[in-house]
Amino acid sequence: MANPLSSLTHKAQRAAVSALVDTLLKQRDKDRTKTYLQLIDLAEQFWGKGFSKESYEKFRKAVQDPDNRWIKFVDSILDETDPHVAKMAIMNLGFEAFFRGTRMIRKNREIYHCNIPWLILFDPTSACNMHCIGCWSGTYGHKHSLSFEDMDKIITEGKELGVYLYMMTGGEPLVKKKEILKLAEKHNDVELSIYTNSTLIDEEFCREVVRLGNITFQLSIEGTPETNDSRRGEGHYNAVMKAMDLMKKYGILFGTSICYTRANIEAVTDEKFIRMLADKGARFGFFFHYMPVGNNAAPELLPTVEQRKYMIQKIRGYRAKDCDINFYPMDFQNDGEFVGGCIAGGRNYFHINSAGDAEPCVFIHYSNANIHDSSILEILQSPLFMAYHHGQPFNKNHLRPCPMLENPELLKKMVHETNAKSTDLESPETVEHLCEKCEPYAENWQPSADEIWDSTPHKEPAYTNYEVKQ
């Protein structure tokens, strides 16, 4: 039978979804079950066999359960978020990126025989008004910036491949807030998500974000005022608190970006801290394992084996059904099982720095392609990116996903075989120097990682986006 929704034009599809979303957002303090079920029906029409019949039924069962933690979580976000911001997030992240974009991406992977990402991360500028200990970008200064035309090109070409989510880091992206707002207005069908130190967020900016509706935020914070400011500088914690209060006031969607280190891991996972984030209005959080990248890195900040084991337990505990904290944490390093291992090299994402260099990962500062002389597709087909495509997954144990941190011999091999060059904007680092800092960590972590992995049941994913090996 022909699929009635997929036969409609893109404009008509978006209009159909938009009408249901309008209904959903008007149902404040009312039962949204009927509308949720209609959205699931619409998703099944559009996506079809992209999910199993069992998955659709699981979704239907969840929305009809009045005690389901995550449905109540979604309801609370809809109720507290500005209606325009909420609608744009559902339309751009839900319809454009997740449904329509994913279909385009999977088709283009088959056409072009390379990785096509679900999101692209780029740095509007190398400039930053802070100098955090162990951070490579704090030393870059105002030397490099992507022009508005560069950023427009990234998004325009990305959309042609099916990419509708764009994240920004730096430097501090909001050094270029005027260009970012202009970009959000021109490309109002994509979601922009910004990693920021919070210090440049003010009332005027929040009003513009609400007007546009398609920008979300991850605010950098690292535990208590003491653990945070010892790495990020005095007064930073208070600046984050102020930004959170503003975003909650204006109904802007935001979460947190937390780098966990040997020094702060207990502070950033403490229940009081997580509850504070939820009370402030943060609804999600990305936890990033410290990476010893750059000649000014601080390897002594790498977590211990016991700390990493503790991290796995804490994050999964906060996601458990019986946890009452209104916050969803994600662990970039320890959640590899749920995304099929390393997501870099364009498998799910890649990074473009402020000089235009295309890097497989924000933590892998090597490249042989630049946005100024290559298209997005040409970047994805460049030697280093194809080495990622051929090599993924880098380890069948997805608690050891990274070709740098847990499998450093693989990164060295790829960099040498593809003649990739260092893209460090201040002090180029050899791949040997980088990987030497990771080798002891990888060796120490392997026994515990293998023990945890082998003792845990794992579901076989329906789709992995690995190269089919002949």
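In this chain, residues are counted from 1 in sequence order. Side-chain atoms are counted along with the backbone in the values below, which use heavy atoms only and exclude waters and symmetry mates.
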*On the 0 to 90° scale, with breaks at 30° and 60°, tag the F205-F217 ring pair as parallel, tilted or perpendicular.*
perpendicular
*Less than 4.5 Å apart, any side-chain heavy atom of F332 and any of I343?*
yes
*Point-to-point distance, once rounded to the nearest 0.5 Å, from CD1 of I180 to CD1 of I194*: 4.5 Å
*Flag the pair P173 / Y195 as yes when at least one side-chain heavy-atom distance between them is below 4.5 Å, and no otherwise.*
no
*For Y290 and Q333, what are the C-alpha separation, side-chain angles and deciding distance, and is it a side chain to side chain contact (heavy atoms under 4.5 Å, CB included)?*
CA-CA 10 Å; Y290 177 73; Q333 206 66 23; over 6 Å; no
*With distance as the sole criterion, is a donor-acceptor pair present between the side chains of H372 and N370 under 3.5 Å?*
yes
*Sort out for me which residue in T102, N465, N348 forms a side-chain hydrogen bond (donor to acceptor under 3.5 Å, both in side chains) with W118.*
T102
*Judged by atom type as modelled, is there a donor-acceptor pair below 3.5 Å linking the side chain of E429 to the main-chain atoms of G294?*
yes
*Just wondering, do L380 and F350 contact through their side chains at under 4.5 Å, heavy atoms?*
yes
*asked:* Name the residue from R109, Q392, Q381 that meets the side-chain hydrogen bond (donor to acceptor under 3.5 Å, both in side chains) definition with N115.
replied: Q392
*Within the side chain of S367, is there an N or O that forms a donor-acceptor pair under 3.5 Å with the backbone of A358?*
yes
*Ignoring hydrogens and geometry, is there a side-chain-to-backbone donor-acceptor pair from Y318 to T269 under 3.5 Å?*
yes
*Decide side chain to side chain contact (heavy atoms under 4.5 Å, CB included) for V293 and M404; before the verdict, give the C-alpha distance in whole Å, the side-chain angles of both, and the deciding distance to 0.1 Å.*
CA-CA 10 Å; V293 176; M404 177 189 77; 4.1 Å; yes
*To the nearest 0.5 Å, how far apart are NE2 in H289 and CD in E406?*
7.0 Å
*Checking side chain to side chain contact (heavy atoms under 4.5 Å, CB included) for the pair M241/M276: CA distance, chi angles, key distance, verdict?*
CA-CA 10 Å; M241 295 299 104; M276 181 275 293; 4.0 Å; yes
*asked:* Could you measure the distance from the OG atom of S193 to the CZ atom of F254? Nearest 0.5 Å is fine.
replied: 12.5 Å
*Are the charged groups of R319 and D335 less than 4.0 angstrom apart, N to O?*
yes
*Could you tell me the separation between the OG atom of S18 and the CE atom of M91, rounded to the nearest 0.5 Å?*
5.0 Å
_Using every non-hydrogen atom in the two residues, find where R100 and Y164 come nearest and quote the distance to one decimal._
NH1-OH, 2.9 Å
*Under the 6.0 Å and 45° cation-pi test, does R69 pair with Y328?*
no
_Between E359 (side chain only) and N353 (backbone N and O only), is there a donor and an acceptor less than 3.5 Å apart?_
no
*Heavy atoms only: give me the nearest P292-K437 pair and the separation to one decimal.*
O-NZ, 2.8 Å
_Taking every non-hydrogen atom, the tightest pair across C342 and P401_ = CB-O, 3.4 Å
*Would R275 and D324 pass as an ion pair if we require N to O under 4.0 Å?*
yes
*Output yes when K177 and E204 qualify as a salt bridge under the 4.0 Å nitrogen-oxygen rule, no when they do not.*
no
*Side-chain contact, heavy-atom cut-off 4.5 Å: L411 with L434?*
yes
*Taking the side chain as every heavy atom from C-beta outward, state whether S145 and S354 have any pair of such atoms under 4.5 Å apart.*
no
*Evaluate the criterion side chain to side chain donor-acceptor pair (under 3.5 Å) for residue pair Y36 and D75; output intermediate values, then yes/no.*
CA-CA 11 Å; Y36 282 139; D75 280 339; 2.6 Å; yes
*Check the side chains of D357 and T423 for a donor-acceptor pair under 3.5 angstrom, ignoring hydrogens and angles.*
no
_R211 and E208 ion-paired at < 4.0 Å_ = yes
*What pair of heavy atoms forms the shortest contact from E172 to N197, and how long is it?*
OE1-N, 2.8 Å
*If only atom types and distance count, is the side chain of R283 paired as donor or acceptor with the main-chain N or O of V74 below 3.5 Å?*
no
*Show your working on side chain to side chain donor-acceptor pair (under 3.5 Å) between T33 and D31 and close with a plain yes or no.*
CA-CA 6 Å; T33 302; D31 185 1; 2.6 Å; yes
*Polar side-chain atom of D79 near backbone of S76 as donor-acceptor pair, under 3.5 Å*: no
*Check whether any side-chain heavy atom of Y237 sits under 4.5 Å from a side-chain heavy atom of I221, and report yes or no.*
yes
*Pairwise side-chain contact, Y463 with R106, heavy-atom cut-off 4.5 Å (strictly under)*: yes
*Is it true that the side chains of E426 and N296 contain a donor and an acceptor less than 3.5 Å apart?*
no
_To check you understand the geometry: which heavy-atom pair defines the closest contact between I154 and I376, and what is its length?_
O-CG1, 4.1 Å
*Short question: side chain of N264, backbone of A267 - any donor-acceptor pair under 3.5 Å?*
no
*Nearest-0.5 Å distance, CD1 of residue I120 to CD1 of residue I371*: 8.0 Å
*Flag the pair I201 / C206 as yes when at least one side-chain heavy-atom distance between them is below 4.5 Å, and no otherwise.*
yes
*Straight-line distance of K153 NZ to E149 CD, nearest 0.5 Å*: 12.0 Å
_To check you understand the geometry: which heavy-atom pair defines the closest contact between I215 and E191, and what is its length?_
N-OE2, 4.0 Å
*Give a yes or no on whether the backbone of I379 and the side-chain of S382 come within a donor-acceptor separation of less than 3.5 Å.*
yes
_Proximity of F394 and Y388 rings by center, below 6.0 Å_ = yes
*Going by an N to O cut-off under 4.0 Å, is there a salt bridge joining K159 and E96?*
no
*Checking K87 side chain against L25 main chain: does a donor-acceptor pair fall under 3.5 Å?*
no
*Can you list the steps and then say if D152 with H187 is a side chain to side chain contact (heavy atoms under 4.5 Å, CB included)?*
CA-CA 8 Å; D152 180 43; H187 295 282; 2.6 Å; yes
*Does Y260 reach the main-chain N or O of D331 with its side chain, forming a donor-acceptor pair under 3.5 Å?*
no
